[in-house]
Amino acid sequence: MSAPLLEVRDLHKHFEVGSPGLFGGQQETLRAVDGVSFELARGETLGLVGESGCGKSTCARTLVGLYPPTSGQVMYEGEEISSLSHRDRAPFRRKIQMIFQDPYASLDPRQTVSSILTEPLRIHRLARPRQRRLRAMQLLDAVGLNPRHIHRFPHEFSGGQRQRIGIARALALEPDLIICDEPVSALDVSIQAQVVNLLGELQERFDLAYLFIAHDLAVVRHICDRVAVMYLGKVVELAERDALFDDPRHPYTRALLSAVPHPDPRIERGRERIVLEGDVPSPLDPPTGCRFHPRCVERGEVPDNRCVTVAPELGSRSACHLPGQA
Ligand code: SF4
């Protein structure tokens, strides 16, 4: 069997925050990503969901090398890339690209679209200048923008069009995998579906894999093949999309899904909502045992206070002590 396109093994990303200083301040460890493992196949879309602050974006940035991991491994087609030097990582940087949440902030306002789209080719010394421009025009066409607008600046485009430019830039180096960090959440609802559909079309055309980070579960259900649910730096459930949405096993997943309105008003009226109490605890001082235990309405069903004392491992499906849920 061939290796998965991407394999993440027990990834940790911790940050030291605060400084000892003159006045007795202390350094603390912020455990943003704390033992995350998953695989992604070529052409597959894996959703990564959870409340803000759960570590999704830090995980993404660590995967693309924007942060060095504290420990753990990132394997690309069976080759370990997380410990490579910046130079040795260059060929892999081409293959793993990223789309950011904010199309306004992620494009340099002083650069024309031509410059934005040819820059990755220049950096990686691919193609001659004239070919680069042609390639930029092809990319604009691929994302549904007019190639004749290549000399315009980002402010001359709408938010949805700017995100299309961000997608075109990610495609410039012909990647195998695009990490999409909340790619539609800054866009108007009417535009979101167009961008999600475009991502689907490009996936088929270029055989792309996506790691799709989002908090909008309706979008995730539409585009993802499998879904990983993160809570406080850990994956608490990982399953095929339909299995996860039809039969969520982890109490946190159940609570997240219960907040998604059902399109049928009759079902919506009779639906039970699980209201999570309190906020996500601080990753500076995560709870003992199961990190979800202070907010879990089902922990009383687990004997011997195990939820408070023993951290559940991620089983074939979820990380929970409830019988039959792992
Ligand atoms: Fe709830 Fe316990 Fe399962 Fe954690 S391990 S989700 S606290 S039942």
Side-chain angles (χ1 to χ4, degrees), residues 8-14 28-39 46-59 70-72 211-218 220-221 224 226-262 271-326:
V8 179
R9 291 186 189 161
D10 200 24
L11 190 71
H12 291 73
K13 180 60 200 169
H14 297 171
E28 293 180 286
T29 303
L30 190 150
R31 299 166 185 276
V33 177
D34 213 16
V36 164
S37 302
F38 59 81
E39 292 179 1
L46 175 68
L48 197 55
V49 304
E51 290 162 286
S52 51
C54 70
K56 316 182 288 277
S57 292
T58 304
C59 186
T70 304
S71 64
L211 180 65
F212 194 90
I213 297 169
H215 63 264
D216 184 337
L217 292 167
V220 168
R221 184 165 204 172
C224 296
R226 289 185 302 138
V227 182
V229 181
M230 275 188 81
Y231 185 78
L232 213 52
K234 288 184 177 290
V235 171
V236 296
E237 181 158 3
L238 203 167
E240 297 288 330
R241 180 220 15 224
D242 289 343
L244 186 119
F245 279 91
D246 295 343
D247 178 25
R249 299 282 179 83
H250 195 279
Y252 178 61
T253 314
R254 284 199 269 274
L256 277 186
L257 293 186
S258 84
V260 181
H262 198 284
R271 223 163 42 87
E272 189 198 344
R273 289 264 168 86
I274 303 167
V275 180
L276 281 179
E277 287 180 10
D279 295 323
V280 182
S282 168
L284 284 168
D285 185 22
T288 58
C290 172
R291 292 183 175 188
F292 186 56
H293 85 252
R295 304 170 81 195
C296 182
V297 291
E298 299 181 51
R299 80 173 208 241
E301 293 170 34
V302 177
D304 305 329
N305 217 21
R306 285 189 77 211
C307 297
V308 180
T309 56
V310 182
E313 296 288 330
L314 181 63
S316 60
R317 178 72 189 264
S318 89
C320 178
H321 294 312
L322 283 170
Q325 301 304 291

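In this chain, numbering begins with 1 at the start of the sequence shown. The structure displayed is predicted, hence computed values, not measured ones. Atoms within a ligand are numbered from 1 in the order they appear, just like the ligands themselves.
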Protein N/O/S atoms closer than 2.8 Å to atom 4 (Fe) of ligand 1: C290 SG

Sole residue of L238, D242, L244 in side-chain contact (heavy atoms from CB on, under 4.5 Å) with R226: L238

Backbone of D10 reached by a side-chain donor or acceptor of S37 within 3.5 Å: yes

NZ/NE/NH1/NH2 to OD/OE distance under 4.0 Å, D34 and R291: yes

Nearest heavy-atom neighbours spanning F38 and C59: CE2-SG, 4.3 Å

Parallel, tilted or perpendicular: ring planes of F292 versus Y231, cut at 30 and 60 degrees: perpendicular

Pair R249 + E298, salt bridge at N-O below 4.0 Å: no

